[in-house]
2 protein chains.
Amino acid sequence: MAEKAQPAKKPQSRADREADRRRVILRAAVEVFSRKGYHGCRIQDVAKEAGVAYGLVYHYFKNKDELLESVFASGWHGFLGRVQAEILRDQHIAARTRAIVHVAFEAYRRDPRAVKVLILEVGRSPAGGAVNRGSAFSEVIVAAAQMFEEAQRRGELPAHLDPTLCATMLFGCIEMGLTSFVMGIVDKRDDAAIDRARDQVTETFLHGITGAQPAAAAPASAPRAVEPPSKPRLPRTGH
Amino acid sequence: MAEKAQPAKKPQSRADREADRRRVILRAAVEVFSRKGYHGCRIQDVAKEAGVAYGLVYHYFKNKDELLESVFASGWHGFLGRVQAEILRDQHIAARTRAIVHVAFEAYRRDPRAVKVLILEVGRSPAGGAVNRGSAFSEVIVAAAQMFEEAQRRGELPAHLDPTLCATMLFGCIEMGLTSFVMGIVDKRDDAAIDRARDQVTETFLHGITGAQPAAAAPASAPRAVEPPSKPRLPRTGH
DNA sequence: CTGGAAATTGATTCCAGAATCAGCGCGGAG
DNA sequence: CTCCGCGCTGATTCTGGAATCAATTTCCAG
(Lines give C-alpha, C1' and ligand atoms only; values in the text may rest on other atoms or scores of the structure.)
Protein backbone atom coordinates (compact mmCIF):
# COMPACT_ATOMS: atom_id res chain seq x y z
CA MET A 1 0.00 0.00 0.00
CA ALA A 2 2.67 2.51 0.95
CA GLU A 3 2.40 4.60 -2.18
CA LYS A 4 3.56 7.41 0.04
CA ALA A 5 6.09 8.49 -2.56
CA GLN A 6 8.91 8.41 -0.09
CA PRO A 7 11.68 10.30 -1.95
CA ALA A 8 14.69 8.13 -1.31
CA LYS A 9 13.69 5.39 0.97
CA LYS A 10 14.80 4.47 4.35
CA PRO A 11 15.01 6.96 7.03
CA GLN A 12 11.48 7.01 8.14
CA SER A 13 11.73 8.37 11.59
CA ARG A 14 9.85 6.64 14.34
CA ALA A 15 7.03 9.07 13.95
CA ASP A 16 6.78 8.38 10.24
CA ARG A 17 6.54 4.65 10.62
CA GLU A 18 4.05 5.12 13.36
CA ALA A 19 1.82 7.26 11.22
CA ASP A 20 2.25 4.71 8.49
CA ARG A 21 1.03 1.89 10.64
CA ARG A 22 -1.91 3.91 11.67
CA ARG A 23 -2.80 4.49 8.08
CA VAL A 24 -2.40 0.84 7.22
CA ILE A 25 -4.79 -0.14 9.97
CA LEU A 26 -7.24 2.51 8.90
CA ARG A 27 -7.18 1.28 5.34
CA ALA A 28 -7.68 -2.26 6.49
CA ALA A 29 -10.61 -1.15 8.58
CA VAL A 30 -12.26 0.49 5.60
CA GLU A 31 -11.75 -2.67 3.60
CA VAL A 32 -13.15 -4.96 6.26
CA PHE A 33 -16.01 -2.69 7.26
CA SER A 34 -17.10 -2.38 3.67
CA ARG A 35 -16.94 -6.13 3.22
CA LYS A 36 -18.64 -7.37 6.37
CA GLY A 37 -20.04 -4.31 8.05
CA TYR A 38 -19.02 -2.76 11.34
CA HIS A 39 -20.96 -5.11 13.54
CA GLY A 40 -20.27 -8.08 11.36
CA CYS A 41 -16.52 -7.98 11.75
CA ARG A 42 -14.07 -8.67 14.55
CA ILE A 43 -11.11 -6.56 15.47
CA GLN A 44 -9.18 -9.68 14.63
CA ASP A 45 -10.35 -9.38 11.03
CA VAL A 46 -9.06 -5.86 10.79
CA ALA A 47 -5.75 -6.87 12.32
CA LYS A 48 -5.40 -9.76 9.92
CA GLU A 49 -6.29 -7.60 6.93
CA ALA A 50 -3.68 -5.09 8.03
CA GLY A 51 -1.14 -7.85 8.59
CA VAL A 52 -0.73 -6.78 12.15
CA ALA A 53 -1.18 -8.25 15.60
CA TYR A 54 -4.52 -8.11 17.34
CA GLY A 55 -3.28 -6.01 20.19
CA LEU A 56 -1.64 -3.44 18.00
CA VAL A 57 -4.96 -2.15 16.87
CA TYR A 58 -5.54 -1.18 20.47
CA HIS A 59 -2.21 0.51 20.58
CA TYR A 60 -3.36 2.94 17.93
CA PHE A 61 -7.06 3.14 18.66
CA LYS A 62 -8.65 3.22 22.05
CA ASN A 63 -11.39 0.82 21.04
CA LYS A 64 -13.50 -0.41 18.20
CA ASP A 65 -15.74 2.63 18.25
CA GLU A 66 -12.84 4.98 17.98
CA LEU A 67 -11.66 3.00 15.00
CA LEU A 68 -14.95 3.49 13.22
CA GLU A 69 -14.95 7.10 14.25
CA SER A 70 -11.53 7.56 12.69
CA VAL A 71 -12.50 5.82 9.50
CA PHE A 72 -15.49 8.07 9.26
CA ALA A 73 -13.68 11.23 10.19
CA SER A 74 -10.90 10.75 7.69
CA GLY A 75 -13.33 9.97 4.91
CA TRP A 76 -16.10 12.42 5.63
CA HIS A 77 -13.71 15.17 6.40
CA GLY A 78 -12.24 15.30 2.96
CA PHE A 79 -15.64 15.18 1.39
CA LEU A 80 -17.12 17.85 3.60
CA GLY A 81 -14.16 20.09 2.99
CA ARG A 82 -14.42 19.79 -0.75
CA VAL A 83 -18.14 20.41 -0.71
CA GLN A 84 -17.73 23.43 1.51
CA ALA A 85 -15.16 24.82 -0.85
CA GLU A 86 -17.57 24.54 -3.74
CA ILE A 87 -20.36 26.07 -1.72
CA LEU A 88 -18.30 29.12 -0.86
CA ARG A 89 -17.21 29.72 -4.42
CA ASP A 90 -18.73 32.82 -5.95
CA GLN A 91 -20.63 31.28 -8.80
CA HIS A 92 -24.12 30.74 -10.07
CA ILE A 93 -26.10 28.23 -8.09
CA ALA A 94 -26.22 25.87 -11.03
CA ALA A 95 -22.47 25.75 -11.31
CA ARG A 96 -22.03 25.16 -7.63
CA THR A 97 -24.61 22.44 -7.60
CA ARG A 98 -22.90 20.70 -10.47
CA ALA A 99 -19.61 20.93 -8.66
CA ILE A 100 -21.04 19.38 -5.52
CA VAL A 101 -22.51 16.44 -7.35
CA HIS A 102 -19.24 16.07 -9.15
CA VAL A 103 -17.31 15.91 -5.91
CA ALA A 104 -19.54 13.18 -4.58
CA PHE A 105 -19.40 10.97 -7.63
CA GLU A 106 -15.69 11.54 -7.96
CA ALA A 107 -15.23 10.35 -4.41
CA TYR A 108 -17.09 7.21 -5.33
CA ARG A 109 -14.94 6.65 -8.37
CA ARG A 110 -11.78 7.09 -6.37
CA ASP A 111 -12.66 4.76 -3.54
CA PRO A 112 -15.98 2.98 -3.73
CA ARG A 113 -15.36 0.97 -0.60
CA ALA A 114 -14.80 4.04 1.51
CA VAL A 115 -17.99 5.58 0.17
CA LYS A 116 -19.80 2.38 0.93
CA VAL A 117 -18.69 2.50 4.52
CA LEU A 118 -19.70 6.12 4.86
CA ILE A 119 -23.12 5.54 3.37
CA LEU A 120 -23.91 2.19 4.84
CA GLU A 121 -22.08 1.86 8.12
CA VAL A 122 -21.73 5.17 9.77
CA GLY A 123 -24.79 6.39 11.50
CA ARG A 124 -25.40 3.37 13.56
CA SER A 125 -22.74 4.36 16.02
CA PRO A 126 -23.98 3.45 19.48
CA ALA A 127 -25.87 6.09 21.38
CA GLY A 128 -23.83 9.19 21.99
CA GLY A 129 -21.34 8.65 19.24
CA ALA A 130 -20.44 12.25 18.55
CA VAL A 131 -19.90 11.72 14.87
CA ASN A 132 -22.78 10.01 13.24
CA ARG A 133 -24.81 10.05 10.14
CA GLY A 134 -27.22 12.46 11.68
CA SER A 135 -24.87 15.21 12.64
CA ALA A 136 -22.77 14.60 9.58
CA PHE A 137 -25.59 14.97 7.14
CA SER A 138 -26.87 17.87 9.13
CA GLU A 139 -23.65 19.68 8.53
CA VAL A 140 -23.65 19.41 4.74
CA ILE A 141 -27.33 19.96 4.50
CA VAL A 142 -27.25 23.08 6.60
CA ALA A 143 -24.34 24.41 4.60
CA ALA A 144 -26.01 23.65 1.31
CA ALA A 145 -29.23 25.17 2.58
CA GLN A 146 -27.41 28.41 3.20
CA MET A 147 -26.11 28.27 -0.31
CA PHE A 148 -29.60 27.90 -1.71
CA GLU A 149 -30.88 30.67 0.48
CA GLU A 150 -28.20 32.97 -0.78
CA ALA A 151 -29.08 31.97 -4.31
CA GLN A 152 -32.63 33.02 -3.64
CA ARG A 153 -31.48 36.43 -2.47
CA ARG A 154 -29.54 36.75 -5.68
CA GLY A 155 -32.62 35.81 -7.60
CA GLU A 156 -31.08 32.67 -9.00
CA LEU A 157 -33.66 30.45 -7.42
CA PRO A 158 -37.45 30.69 -7.03
CA ALA A 159 -38.32 32.22 -3.71
CA HIS A 160 -41.09 29.83 -2.84
CA LEU A 161 -38.75 26.89 -2.35
CA ASP A 162 -37.58 25.87 1.07
CA PRO A 163 -33.78 26.04 0.92
CA THR A 164 -33.32 23.30 3.48
CA LEU A 165 -35.59 21.04 1.54
CA CYS A 166 -33.63 21.78 -1.61
CA ALA A 167 -30.47 20.74 0.13
CA THR A 168 -32.18 17.66 1.46
CA MET A 169 -33.33 16.64 -1.98
CA LEU A 170 -29.95 17.26 -3.52
CA PHE A 171 -28.15 15.01 -1.09
CA GLY A 172 -30.99 12.55 -1.17
CA CYS A 173 -30.49 12.13 -4.88
CA ILE A 174 -26.76 11.89 -4.47
CA GLU A 175 -26.92 9.40 -1.64
CA MET A 176 -29.47 7.17 -3.24
CA GLY A 177 -27.68 7.38 -6.53
CA LEU A 178 -24.48 6.22 -4.95
CA THR A 179 -26.33 3.65 -2.90
CA SER A 180 -27.65 2.05 -6.04
CA PHE A 181 -24.09 1.69 -7.23
CA VAL A 182 -22.91 0.41 -3.91
CA MET A 183 -25.74 -2.06 -3.82
CA GLY A 184 -25.17 -3.17 -7.35
CA ILE A 185 -28.66 -2.22 -8.44
CA VAL A 186 -27.21 -0.22 -11.25
CA ASP A 187 -24.09 -2.22 -11.72
CA LYS A 188 -20.61 -1.80 -10.59
CA ARG A 189 -17.66 -0.05 -11.97
CA ASP A 190 -18.83 1.16 -15.29
CA ASP A 191 -17.19 4.54 -15.59
CA ALA A 192 -19.56 5.69 -18.28
CA ALA A 193 -22.50 4.72 -16.12
CA ILE A 194 -21.11 6.78 -13.28
CA ASP A 195 -20.78 9.80 -15.52
CA ARG A 196 -24.21 9.35 -16.92
CA ALA A 197 -25.74 9.00 -13.47
CA ARG A 198 -23.94 12.07 -12.26
CA ASP A 199 -25.13 14.15 -15.17
CA GLN A 200 -28.71 13.02 -15.00
CA VAL A 201 -28.87 13.66 -11.29
CA THR A 202 -27.40 17.09 -11.74
CA GLU A 203 -29.48 18.26 -14.63
CA THR A 204 -32.72 16.79 -13.42
CA PHE A 205 -32.30 18.32 -10.03
CA LEU A 206 -31.32 21.68 -11.39
CA HIS A 207 -34.14 21.82 -13.83
CA GLY A 208 -36.48 20.73 -11.10
CA ILE A 209 -35.59 23.45 -8.66
CA THR A 210 -35.06 26.31 -11.03
CA GLY A 211 -38.36 25.78 -12.71
CA ALA A 212 -40.63 24.19 -10.19
CA GLN A 213 -44.08 25.64 -9.85
CA PRO A 214 -45.16 26.72 -6.42
CA ALA A 215 -47.11 23.62 -5.69
CA ALA A 216 -49.50 23.60 -8.54
CA ALA A 217 -52.83 21.89 -8.54
CA ALA A 218 -52.29 18.51 -7.06
CA PRO A 219 -54.66 16.02 -8.56
CA ALA A 220 -53.33 13.45 -6.19
CA SER A 221 -54.89 14.50 -2.95
CA ALA A 222 -54.22 16.45 0.20
CA PRO A 223 -55.17 20.05 0.64
CA ARG A 224 -52.12 22.16 0.45
CA ALA A 225 -51.33 24.78 3.00
CA VAL A 226 -48.80 27.55 3.03
CA GLU A 227 -46.71 29.63 0.71
CA PRO A 228 -48.45 32.32 -1.23
CA PRO A 229 -46.34 32.60 -4.36
CA SER A 230 -45.16 36.14 -3.83
CA LYS A 231 -42.52 36.07 -6.53
CA PRO A 232 -44.04 34.78 -9.70
CA ARG A 233 -40.80 33.21 -10.62
CA LEU A 234 -37.51 33.16 -12.28
CA PRO A 235 -37.50 33.63 -16.03
CA ARG A 236 -36.12 30.91 -18.17
CA THR A 237 -37.24 27.69 -16.72
CA GLY A 238 -38.80 24.90 -18.64
CA HIS A 239 -41.07 24.89 -21.58
CA MET B 1 -47.13 0.84 29.34
CA ALA B 2 -50.15 -1.40 29.20
CA GLU B 3 -52.47 1.23 27.80
CA LYS B 4 -54.33 -1.65 26.32
CA ALA B 5 -57.52 -0.14 27.80
CA GLN B 6 -59.16 -3.44 28.37
CA PRO B 7 -62.03 -2.29 30.59
CA ALA B 8 -64.38 -5.18 30.95
CA LYS B 9 -63.99 -7.52 28.09
CA LYS B 10 -62.30 -10.77 28.57
CA PRO B 11 -63.40 -13.58 26.44
CA GLN B 12 -60.69 -13.48 23.84
CA SER B 13 -60.07 -17.02 22.82
CA ARG B 14 -56.63 -18.42 23.30
CA ALA B 15 -55.76 -17.81 19.69
CA ASP B 16 -56.84 -14.20 19.93
CA ARG B 17 -54.79 -13.47 22.95
CA GLU B 18 -51.86 -15.17 21.34
CA ALA B 19 -52.03 -13.05 18.20
CA ASP B 20 -52.45 -10.05 20.46
CA ARG B 21 -49.32 -10.77 22.37
CA ARG B 22 -47.41 -11.14 19.20
CA ARG B 23 -48.60 -7.76 18.07
CA VAL B 24 -47.79 -6.18 21.40
CA ILE B 25 -44.26 -7.48 21.24
CA LEU B 26 -43.88 -6.30 17.67
CA ARG B 27 -45.06 -2.82 18.59
CA ALA B 28 -42.71 -2.74 21.53
CA ALA B 29 -39.87 -3.78 19.28
CA VAL B 30 -40.59 -0.92 16.90
CA GLU B 31 -40.65 1.48 19.82
CA VAL B 32 -37.39 0.25 21.30
CA PHE B 33 -35.56 -0.10 18.00
CA SER B 34 -36.49 3.41 17.06
CA ARG B 35 -35.31 4.70 20.41
CA LYS B 36 -32.02 2.89 20.84
CA GLY B 37 -31.37 1.13 17.57
CA TYR B 38 -31.27 -2.55 16.85
CA HIS B 39 -27.78 -3.16 18.13
CA GLY B 40 -28.15 -0.76 20.96
CA CYS B 41 -30.99 -2.55 22.64
CA ARG B 42 -31.39 -5.81 24.53
CA ILE B 43 -34.16 -8.31 24.13
CA GLN B 44 -34.82 -7.48 27.74
CA ASP B 45 -35.66 -3.92 26.75
CA VAL B 46 -38.22 -5.10 24.26
CA ALA B 47 -39.74 -7.47 26.80
CA LYS B 48 -39.98 -4.74 29.38
CA GLU B 49 -41.50 -2.29 26.93
CA ALA B 50 -44.07 -4.90 26.00
CA GLY B 51 -44.74 -5.68 29.66
CA VAL B 52 -43.88 -9.27 29.05
CA ALA B 53 -41.40 -11.82 30.32
CA TYR B 54 -38.01 -12.08 28.72
CA GLY B 55 -38.54 -15.64 27.63
CA LEU B 56 -41.82 -14.93 25.96
CA VAL B 57 -40.15 -13.01 23.22
CA TYR B 58 -38.44 -16.23 22.30
CA HIS B 59 -41.74 -18.00 22.39
CA TYR B 60 -42.97 -15.86 19.55
CA PHE B 61 -39.77 -15.18 17.67
CA LYS B 62 -36.97 -17.61 17.04
CA ASN B 63 -34.29 -15.06 17.81
CA LYS B 64 -33.42 -11.42 17.75
CA ASP B 65 -32.84 -11.39 14.03
CA GLU B 66 -36.20 -12.84 13.31
CA LEU B 67 -37.71 -10.15 15.47
CA LEU B 68 -36.12 -7.42 13.39
CA GLU B 69 -37.09 -9.27 10.28
CA SER B 70 -40.71 -9.31 11.41
CA VAL B 71 -40.69 -5.67 12.31
CA PHE B 72 -39.32 -4.89 8.92
CA ALA B 73 -41.59 -7.22 7.02
CA SER B 74 -44.75 -5.94 8.62
CA GLY B 75 -43.80 -2.36 8.02
CA TRP B 76 -42.23 -2.55 4.61
CA HIS B 77 -44.83 -4.85 3.32
CA GLY B 78 -47.66 -2.43 3.74
CA PHE B 79 -45.64 0.32 2.18
CA LEU B 80 -44.49 -1.73 -0.77
CA GLY B 81 -48.00 -2.94 -1.40
CA ARG B 82 -49.43 0.52 -1.44
CA VAL B 83 -46.70 1.82 -3.72
CA GLN B 84 -47.17 -1.09 -6.10
CA ALA B 85 -50.87 -0.37 -6.23
CA GLU B 86 -50.18 3.20 -7.25
CA ILE B 87 -47.64 2.12 -9.82
CA LEU B 88 -50.08 -0.20 -11.50
CA ARG B 89 -52.82 2.34 -11.69
CA ASP B 90 -53.57 3.50 -15.20
CA GLN B 91 -52.77 7.17 -14.90
CA HIS B 92 -50.39 9.79 -16.11
CA ILE B 93 -46.90 9.45 -14.72
CA ALA B 94 -47.26 12.70 -12.82
CA ALA B 95 -50.31 11.52 -10.97
CA ARG B 96 -48.72 8.23 -10.07
CA THR B 97 -45.57 9.91 -8.88
CA ARG B 98 -47.58 12.23 -6.69
CA ALA B 99 -49.44 9.29 -5.26
CA ILE B 100 -46.23 7.46 -4.41
CA VAL B 101 -44.76 10.41 -2.59
CA HIS B 102 -48.06 10.83 -0.84
CA VAL B 103 -48.03 7.25 0.37
CA ALA B 104 -44.56 7.65 1.80
CA PHE B 105 -45.24 10.85 3.67
CA GLU B 106 -48.55 9.56 4.89
CA ALA B 107 -46.80 6.54 6.34
CA TYR B 108 -44.54 8.88 8.21
CA ARG B 109 -47.41 10.86 9.55
CA ARG B 110 -49.17 7.74 10.75
CA ASP B 111 -46.22 6.19 12.53
CA PRO B 112 -42.97 8.12 12.53
CA ARG B 113 -41.21 5.63 14.73
CA ALA B 114 -41.89 2.76 12.39
CA VAL B 115 -40.60 4.79 9.48
CA LYS B 116 -37.55 5.65 11.47
CA VAL B 117 -36.77 2.01 12.06
CA LEU B 118 -37.26 1.17 8.42
CA ILE B 119 -35.03 3.97 7.26
CA LEU B 120 -32.38 3.85 9.91
CA GLU B 121 -32.16 0.34 11.23
CA VAL B 122 -33.01 -2.18 8.63
CA GLY B 123 -30.30 -2.98 6.23
CA ARG B 124 -27.62 -4.17 8.47
CA SER B 125 -29.13 -7.53 9.06
CA PRO B 126 -26.21 -9.89 9.51
CA ALA B 127 -24.78 -11.46 6.41
CA GLY B 128 -27.37 -13.39 4.47
CA GLY B 129 -30.35 -11.79 6.06
CA ALA B 130 -32.84 -12.21 3.28
CA VAL B 131 -34.67 -9.00 3.90
CA ASN B 132 -32.44 -6.01 4.02
CA ARG B 133 -32.28 -2.48 2.88
CA GLY B 134 -30.57 -3.52 -0.28
CA SER B 135 -33.07 -5.99 -1.57
CA ALA B 136 -35.93 -3.95 -0.19
CA PHE B 137 -34.98 -0.79 -2.00
CA SER B 138 -34.17 -2.83 -5.06
CA GLU B 139 -37.73 -4.01 -5.15
CA VAL B 140 -39.38 -0.60 -5.12
CA ILE B 141 -36.79 0.92 -7.35
CA VAL B 142 -37.10 -1.78 -9.96
CA ALA B 143 -40.86 -1.49 -9.86
CA ALA B 144 -40.76 2.27 -10.15
CA ALA B 145 -38.22 2.02 -12.94
CA GLN B 146 -40.66 -0.08 -14.92
CA MET B 147 -43.26 2.55 -14.35
CA PHE B 148 -40.98 5.26 -15.73
CA GLU B 149 -40.05 3.10 -18.67
CA GLU B 150 -43.66 2.58 -19.52
CA ALA B 151 -44.22 6.30 -19.21
CA GLN B 152 -41.49 6.84 -21.75
CA ARG B 153 -43.20 4.48 -24.18
CA ARG B 154 -46.36 6.48 -23.72
CA GLY B 155 -44.42 9.64 -24.40
CA GLU B 156 -45.08 11.07 -20.99
CA LEU B 157 -41.42 11.26 -20.14
CA PRO B 158 -38.34 12.35 -22.12
CA ALA B 159 -36.70 9.34 -23.70
CA HIS B 160 -33.15 10.27 -22.83
CA LEU B 161 -33.62 9.66 -19.14
CA ASP B 162 -32.55 6.44 -17.52
CA PRO B 163 -35.69 5.05 -15.90
CA THR B 164 -33.81 3.30 -13.13
CA LEU B 165 -32.03 6.48 -12.28
CA CYS B 166 -35.34 8.31 -12.18
CA ALA B 167 -36.63 5.79 -9.71
CA THR B 168 -33.45 6.08 -7.71
CA MET B 169 -33.75 9.83 -7.53
CA LEU B 170 -37.38 9.72 -6.57
CA PHE B 171 -36.81 7.44 -3.64
CA GLY B 172 -33.63 9.24 -2.79
CA CYS B 173 -35.58 12.44 -2.37
CA ILE B 174 -38.26 10.68 -0.39
CA GLU B 175 -35.85 8.89 1.86
CA MET B 176 -33.68 11.88 2.58
CA GLY B 177 -36.73 14.04 3.06
CA LEU B 178 -38.07 11.68 5.65
CA THR B 179 -34.64 11.26 7.16
CA SER B 180 -34.43 14.95 7.81
CA PHE B 181 -37.67 14.71 9.73
CA VAL B 182 -36.56 11.63 11.58
CA MET B 183 -33.29 13.30 12.44
CA GLY B 184 -34.96 16.46 13.51
CA ILE B 185 -33.06 18.57 11.01
CA VAL B 186 -36.30 19.97 9.79
CA ASP B 187 -38.20 19.64 12.98
CA LYS B 188 -40.58 17.15 14.26
CA ARG B 189 -44.27 16.84 14.01
CA ASP B 190 -45.35 19.93 12.25
CA ASP B 191 -48.12 18.70 10.01
CA ALA B 192 -47.93 21.72 7.75
CA ALA B 193 -44.21 21.16 7.33
CA ILE B 194 -44.84 17.61 6.30
CA ASP B 195 -47.31 18.71 3.69
CA ARG B 196 -45.02 21.38 2.42
CA ALA B 197 -42.11 18.99 2.18
CA ARG B 198 -44.18 16.43 0.36
CA ASP B 199 -45.40 18.94 -2.17
CA GLN B 200 -42.04 20.46 -2.83
CA VAL B 201 -40.45 17.09 -3.30
CA THR B 202 -43.19 16.04 -5.65
CA GLU B 203 -43.34 19.12 -7.80
CA THR B 204 -39.63 19.68 -7.97
CA PHE B 205 -38.98 16.12 -8.94
CA LEU B 206 -41.73 16.07 -11.51
CA HIS B 207 -40.67 19.29 -13.09
CA GLY B 208 -37.11 18.05 -13.07
CA ILE B 209 -37.74 14.87 -14.96
CA THR B 210 -40.40 16.02 -17.33
CA GLY B 211 -38.38 18.93 -18.56
CA ALA B 212 -34.77 18.02 -18.03
CA GLN B 213 -32.34 18.60 -20.86
CA PRO B 214 -30.03 15.82 -21.89
CA ALA B 215 -26.95 16.85 -19.96
CA ALA B 216 -26.05 20.33 -21.05
CA ALA B 217 -22.73 22.09 -21.01
CA ALA B 218 -21.12 22.12 -17.63
CA PRO B 219 -19.32 25.30 -16.75
CA ALA B 220 -18.60 24.02 -13.30
CA SER B 221 -15.56 21.89 -13.66
CA ALA B 222 -14.80 18.35 -14.49
CA PRO B 223 -14.45 17.48 -18.04
CA ARG B 224 -17.55 15.53 -18.59
CA ALA B 225 -17.21 12.39 -20.56
CA VAL B 226 -20.10 10.92 -22.40
CA GLU B 227 -23.20 12.44 -23.82
CA PRO B 228 -22.52 14.57 -26.82
CA PRO B 229 -24.69 17.56 -26.05
CA SER B 230 -26.94 17.19 -29.01
CA LYS B 231 -29.17 19.87 -27.61
CA PRO B 232 -26.90 22.68 -26.54
CA ARG B 233 -29.33 24.38 -24.30
CA LEU B 234 -29.85 25.28 -20.72
CA PRO B 235 -28.48 28.77 -21.35
CA ARG B 236 -28.67 30.47 -18.04
CA THR B 237 -26.24 28.63 -15.82
CA GLY B 238 -22.80 29.86 -14.87
CA HIS B 239 -21.50 33.27 -13.94
C1' DC C 1 28.05 -2.15 22.04
C1' DT C 2 24.65 -1.73 25.42
C1' DG C 3 20.58 -0.17 28.09
C1' DG C 4 16.21 0.83 27.97
C1' DA C 5 12.17 2.80 25.87
C1' DA C 6 8.79 2.13 22.63
C1' DA C 7 6.53 -1.05 19.43
C1' DT C 8 4.47 -5.44 18.84
C1' DT C 9 2.53 -9.79 20.00
C1' DG C 10 -1.25 -13.09 21.09
C1' DA C 11 -2.87 -15.77 25.08
C1' DT C 12 -5.88 -14.59 28.79
C1' DT C 13 -9.51 -12.32 31.13
C1' DC C 14 -13.89 -10.71 31.42
C1' DC C 15 -18.47 -9.64 30.38
C1' DA C 16 -22.64 -8.34 27.90
C1' DG C 17 -26.23 -10.30 26.31
C1' DA C 18 -28.36 -14.12 23.43
C1' DA C 19 -30.56 -18.34 23.98
C1' DT C 20 -32.19 -22.16 27.08
C1' DC C 21 -35.03 -24.72 30.16
C1' DA C 22 -37.19 -26.50 34.26
C1' DG C 23 -40.99 -25.48 36.25
C1' DC C 24 -45.34 -22.52 37.66
C1' DG C 25 -50.14 -21.14 37.54
C1' DC C 26 -54.29 -20.06 34.98
C1' DG C 27 -58.25 -21.50 32.53
C1' DG C 28 -60.79 -24.78 30.49
C1' DA C 29 -62.59 -29.73 30.14
C1' DG C 30 -64.59 -33.45 32.45
C1' DC D 1 -64.22 -29.36 42.15
C1' DT D 2 -60.12 -31.37 40.28
C1' DC D 3 -56.93 -32.20 37.15
C1' DC D 4 -54.42 -31.37 32.78
C1' DG D 5 -51.81 -28.86 29.55
C1' DC D 6 -50.03 -25.11 27.57
C1' DG D 7 -48.81 -20.11 27.75
C1' DC D 8 -45.66 -18.01 30.31
C1' DT D 9 -41.79 -17.00 33.50
C1' DG D 10 -37.04 -15.43 34.61
C1' DA D 11 -32.80 -17.48 36.73
C1' DT D 12 -29.19 -19.99 34.51
C1' DT D 13 -26.09 -21.26 30.98
C1' DC D 14 -23.30 -20.39 27.17
C1' DT D 15 -20.82 -17.80 23.70
C1' DG D 16 -18.55 -14.59 20.99
C1' DG D 17 -15.79 -11.15 21.04
C1' DA D 18 -13.87 -6.72 23.25
C1' DA D 19 -10.27 -5.25 25.98
C1' DT D 20 -6.04 -6.25 28.81
C1' DC D 21 -1.37 -7.30 29.78
C1' DA D 22 2.92 -9.58 30.47
C1' DA D 23 6.34 -11.11 27.58
C1' DT D 24 9.21 -10.37 23.36
C1' DT D 25 11.30 -7.80 19.75
C1' DT D 26 12.87 -3.62 17.50
C1' DC D 27 15.07 0.56 17.43
C1' DC D 28 17.82 4.37 18.76
C1' DA D 29 20.83 7.22 21.77
C1' DG D 30 24.89 7.53 24.18
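The sequence lines fix the lettering, A, B, ..., with proteins before strands; numbering per chain opens at 1. What you see below is based on every heavy atom in this structure, not just the backbone, and it leaves out hydrogens, waters and symmetry mates.
- Nucleotide C/dT8 holds its P atom 13 Å from the CZ atom of A/Phe61, rounded to whole Å.
- Here the P atom of nucleotide D/dT15 and the CG atom of B/Asn63 are 16 Å apart, to the nearest Å.
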> Which dot-bracket string describes DNA chain D (Watson-Crick N1-N3 plus N6-O4 or O6-N4, or G-U N1-O2 and O6-N3, all under 3.5 Å; [ ] crossing; | other strand)?
Replying inline: ||||||||||||||||||||||||||||||
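- Atom P of nucleotide D/dT9 and atom CD1 of B/Ile25 are separated by 9 Å, given to the nearest angstrom.
- Straight-line distance from the CG atom of A/Leu56 to the C1' atom of C/dA7: 7 Å, rounded to whole Å.
- Atom OH of B/Tyr54 is separated from atom P of D/dC8 by 18 Å (rounded to the nearest Å).
- You'll find that the side chain of B/Tyr60 is closest to D/dC8, out of D/dG17, C/dA18, D/dC8.
- Atom-to-atom, CZ of A/Arg21 to C1' of D/dT25 comes out at 12 Å; the value is rounded to the nearest Å.
- Spacing between atom OH of B/Tyr38 and atom P of C/dA16 amounts to 19 Å, rounded to whole angstrom units.
- Nucleotides of DNA chain D nearest to A/Gly55 and A/Gly40 differ in position, and the one nearer the 5' end is that of A/Gly40.
- Relative ring orientation between A/Tyr58 and A/Tyr54 is described as parallel, the plane-to-plane angle staying below 30° on a 0-90° scale split at 30° and 60°.
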>> Applying salt bridge (charged side-chain N to carboxylate O under 4.0 Å, His left out) to B/Glu49 and B/Lys36, what does each step give before you reach the verdict?
In response: CA-CA 12 Å; B/Glu49 176 73 32; B/Lys36 335 199 347 185; over 6 Å; no
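- Interatomic distance, OG1 of A/Thr168 versus CD1 of B/Ile174, reported as 13.5 Å (0.5 Å rounding).
- Atoms CG (B/Asp45) and P (C/dA16) sit 14 Å apart, rounded to a whole Å.
- The pair B/Asp20-B/Arg23 counts as a salt bridge, with a side-chain nitrogen and a carboxylate oxygen less than 4.0 angstrom apart.
- The aromatic rings of A/His39 and B/His39 lie parallel to each other, their planes meeting at an angle below 30°, with 60° marking the opposite boundary.
- One finds a side-chain N or O of A/His59 lying less than 4.0 angstrom from the OP1 or OP2 phosphate oxygen of C/dA7.
- Ion pairing of A/Asp45 with A/Arg42 is absent here, as no side-chain N (NZ or NE/NH1/NH2) approaches a carboxylate O to less than 4.0 Å.
- Picking from C/dA19, D/dA19, C/dG10 the nucleotide with the shortest atom distance to the side chain of A/Ala53 gives C/dG10.
- Side chains of B/Glu175 and A/Glu175 form a contact here, defined as non-hydrogen atoms less than 4.5 Å apart.
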